[in-house]
Amino acid sequence: MSAFPTIKFQNGVKMPIIGLGTWQSTDDDVRRAVEVAIAEAHYPLIDTAEGYQNEEIIYNVLHKLIEEGKIKRDGIFITTKLWTNNLNPDRSLCAARECLRKLKLEKVDLLLCHMPAAYDVTGTEPERGVTVEDVWRGMEAIYEAGLARAIGVSNWSVEQIERVMKTAKVPIHNVQNELHLHWPQHELAEACKKHGISITSYGSLGSPGRVDFTLPNGQKLDWAEAPCALNEPKVKELAEKYKKSPAQVLL
Ligand SMILES: NC(=O)c1ccc[n+]([C@@H]2O[C@H](COP(=O)([O-])OP(=O)(O)OC[C@H]3O[C@@H](n4cnc5c(N)ncnc54)[C@H](OP(=O)(O)O)[C@@H]3O)[C@@H](O)[C@H]2O)c1
């Protein structure tokens, strides 16, 4: 692993504190961005997801860089996420195996369940009988099978995290949630601190690109209006004072 600062999960696995997000990138952009981020800017972590539909491109870049001797597999921390159609514990272990087989990887460093909701195989109908405790059981089976060095959740509420922690055999190692100036998530931070769970924030700059987001199937999402954190006068004032960019102040 690189010299970037890390945090340590409860199971001893260390995660770099900064990484490259890959949501919404086109195939060409993500290919180039991952190559430059890793080989030239020495980014230590790549964040992807089944739902981003770019995992194969990213892992092809990684395999190429490993073959060229530019990085070692353990020099890069890979976070990915299981999508809702693979969260039913009857299917999640097989789905994780299939996902790794396709990507020619033995294991990922951190596997998150992307949402607190299990859907049917087609991803269209919620599987109403499947609880968050059930979903976590499936994640534990993946961890125990050695397919992920650490496991966690994304977009889960404090209530859902508390419920799972009551019955978990393997604790949640990491929570990845939206967290930024306009939604600092104090309650989540308190709950995670109590359980020794680390937090990854996404949308740290306020996710300005989300309003133009179009799903891979062409559907344009209708986002609510939100103030842009990068343009907040106080952020700009601090940026000037400390000779940093507004984005650096927000991070
Ligand atoms: N777990 C989840 O459900 C979930 C959800 C959303 C995101 N994520 C993860 O978090 C990552 C980041 O999320 P995000 O893109 O929504 O939020 P973000 O990091 O808040 O926003 C990124 C946006 O900020 C702009 N930007 C980047 N650096 C900047 C700078 N120095 N100054 C001004 N603008 C800058 C980028 O513009 P350009 O396009 O011009 O670079 C991009 O549109 C995603 O790629 C994904 O990996 C996870």
Side-chain angles (χ1 to χ4, degrees), residues 15-34 36-38 41 43-55 57-59 61-62 76-87 108-117 119 123 135 139 148 150-157 160-161 172-185 188 192 197-216 221 223-224 226-232 235-236 238-240 242-251:
M15 178 178 83
I17 61 164
I18 201 150
L20 179 78
T22 60
W23 181 46
Q24 299 190 64
S25 299
T26 63
D27 292 0
D28 281 344
D29 280 352
V30 84
R31 191 176 293 113
R32 183 78 190 120
V34 169
V36 169
I38 296 177
Y43 267 64
L45 183 153
I46 301 290
D47 181 88
T48 180
E50 274 194 300
Y52 300 170
Q53 303 192 0
N54 61 16
E55 284 179 307
I57 296 171
I58 291 172
Y59 297 125
V61 175
L62 291 179
I76 187 87
F77 191 102
I78 300 173
T79 302
T80 192
K81 316 180 190 87
L82 280 185
W83 189 237
T84 50
N85 59 336
N86 283 327
L87 294 182
V108 291
D109 298 290
L110 175 62
L111 183 71
L112 305 174
C113 73
H114 207 146
M115 299 282 168
Y119 273 60
V135 169
M139 296 297 290
I151 49 174
V153 299
S154 182
N155 301 305
W156 286 38
S157 68
Q160 289 160 337
I161 291 167
I172 295 171
H173 297 126
N174 184 258
V175 172
Q176 184 179 122
N177 273 19
E178 183 177 342
L179 193 161
H180 47 74
L181 184 71
H182 295 120
W183 194 14
Q185 297 262 26
L188 175 79
C192 288
I197 304 170
S198 58
I199 301 180
T200 302
S201 77
Y202 75 71
S204 317
L205 305 178
S207 198
R210 79 196 181 294
V211 282
D212 293 325
F213 181 56
T214 306
L215 287 171
L221 297 181
W223 296 95
C228 179
L230 287 161
N231 292 333
E232 282 293 336
V235 171
K236 288 183 172 173
L238 289 170
E240 226 157 79
Y242 293 106
K243 309 274 173 275
K244 301 284 175 195
S245 67
Q248 284 174 310
V249 169
L250 290 171
L251 288 179

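Remember, predicted model here, so these are calculated numbers, not experimental data. Each ligand, and each atom within it, is numbered from 1 in the order the structure gives.
Taking 4.5 Å as the limit, some side-chain heavy atom of Leu110 sits within range of a side-chain heavy atom of Phe77. When side chains are defined from C-beta on, Met15 does not count as touching His173, because their heavy atoms never get closer than 4.5 Å.
Below 30°, between 30° and 60°, or above 60°: for Trp83 and His114 the angle between ring planes is above 60°, a perpendicular geometry.
Against a heavy-atom cut-off of under 4.0 Å, Ser204 is close to the following atoms of ligand 1: 20 (O). Per-residue contacts place Asp47 under 4.0 angstrom from the following atoms of ligand 1 (heavy atoms of the residue considered): 9 (C), 46 (C), 47 (O). Less than 4.0 angstrom separates some heavy atom of Gly209 from each of these atoms of ligand 1: 43 (O). In summary, the atoms of ligand 1 found under 4.0 Å from a heavy atom of Gly203, numbered by their order in the structure, are 13 (O), 17 (O), 18 (P), 20 (O). Per-residue contacts place Gly206 under 4.0 angstrom from the following atoms of ligand 1 (heavy atoms of the residue considered): 20 (O). Below 4.0 Å from some heavy atom of Asn155 lie the following atoms of ligand 1, by number and element: 1 (N), 2 (C), 3 (O).
Residue-level proximity to ligand 1 for Thr22 is carried by the backbone, the only part with a heavy atom below 4.0 angstrom. Contacts between His114 and ligand 1 below 4.0 angstrom, taking non-hydrogen atoms only, involve the side chain exclusively.
Summary of contacts: the protein heavy atom closest to atom 11 (C) of ligand 1 is Gly21 CA, 3.9 Å. In terms of protein heavy-atom proximity, atom 8 (N) of ligand 1 is closest to Tyr52 OH, 3.4 Å. Given atom 44 (C) of ligand 1, the protein heavy atom at minimum distance is Trp23 CB, 3.6 Å. Considering only non-hydrogen protein atoms, atom 2 (C) of ligand 1 sits nearest to Tyr202 CE2, 3.2 Å. Scanning the protein for heavy atoms near atom 14 (P) of ligand 1, the closest one is Ser207 OG, 3.6 Å. At the shortest separation from atom 35 (C) of ligand 1 among protein heavy atoms lies Leu205 CD1, 3.7 Å. Nearest protein heavy-atom neighbour of atom 30 (C) of ligand 1: Ala247 CB, 3.6 Å. The protein heavy-atom contact nearest to atom 33 (C) of ligand 1 is Leu230 CD1, 3.7 Å.
To the nearest 0.5 angstrom, Tyr52 atom OH is 5.0 Å from Asp47 atom CG. Between Lys243 atom NZ and Gln248 atom CD the span is 13.0 Å, to the nearest 0.5 Å. One distance of note links CD of Glu178 with OG of Ser201; it measures 10.0 Å at 0.5 Å rounding.
The shortest N or O to N or O distance between Lys81 and ligand 1 is not under 3.5 Å.
When the heavy atoms of Pro208, Cys228, Ala33, Gly51 are ranked by distance to atom 25 (C) of ligand 1, first place goes to Pro208.
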Task: Intermediate values then yes/no, side-chain contact (heavy atoms from CB on, under 4.5 Å), Ile199 and Gln185 - done: CA-CA 10 Å; Ile199 301 180; Gln185 297 262 26; over 6 Å; no
Task: Criterion side-chain contact (heavy atoms from CB on, under 4.5 Å) on Thr80 and Leu111, from CA distance to verdict - done: CA-CA 5 Å; Thr80 192; Leu111 183 71; 3.7 Å; yes
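Of all non-hydrogen atoms in Ile18 and Pro44, the two that sit nearest each other are O-CG, 3.5 Å.
Here the options are Val61, Thr26, Ile58, the test is side-chain contact (heavy atoms from CB on, under 4.5 Å), and the partner is Arg31; only Val61 passes.
Ligand 1 does not have Ser245 within reach: every non-hydrogen atom of the residue lies 4.0 Å or more from it.
For atom 42 (C) of ligand 1, the protein comes within 4.0 Å by no heavy atom at all.
Within the 3.5 Å criterion, the main-chain N or O of Ala117 finds no donor-acceptor partner in the side chain of Thr84.
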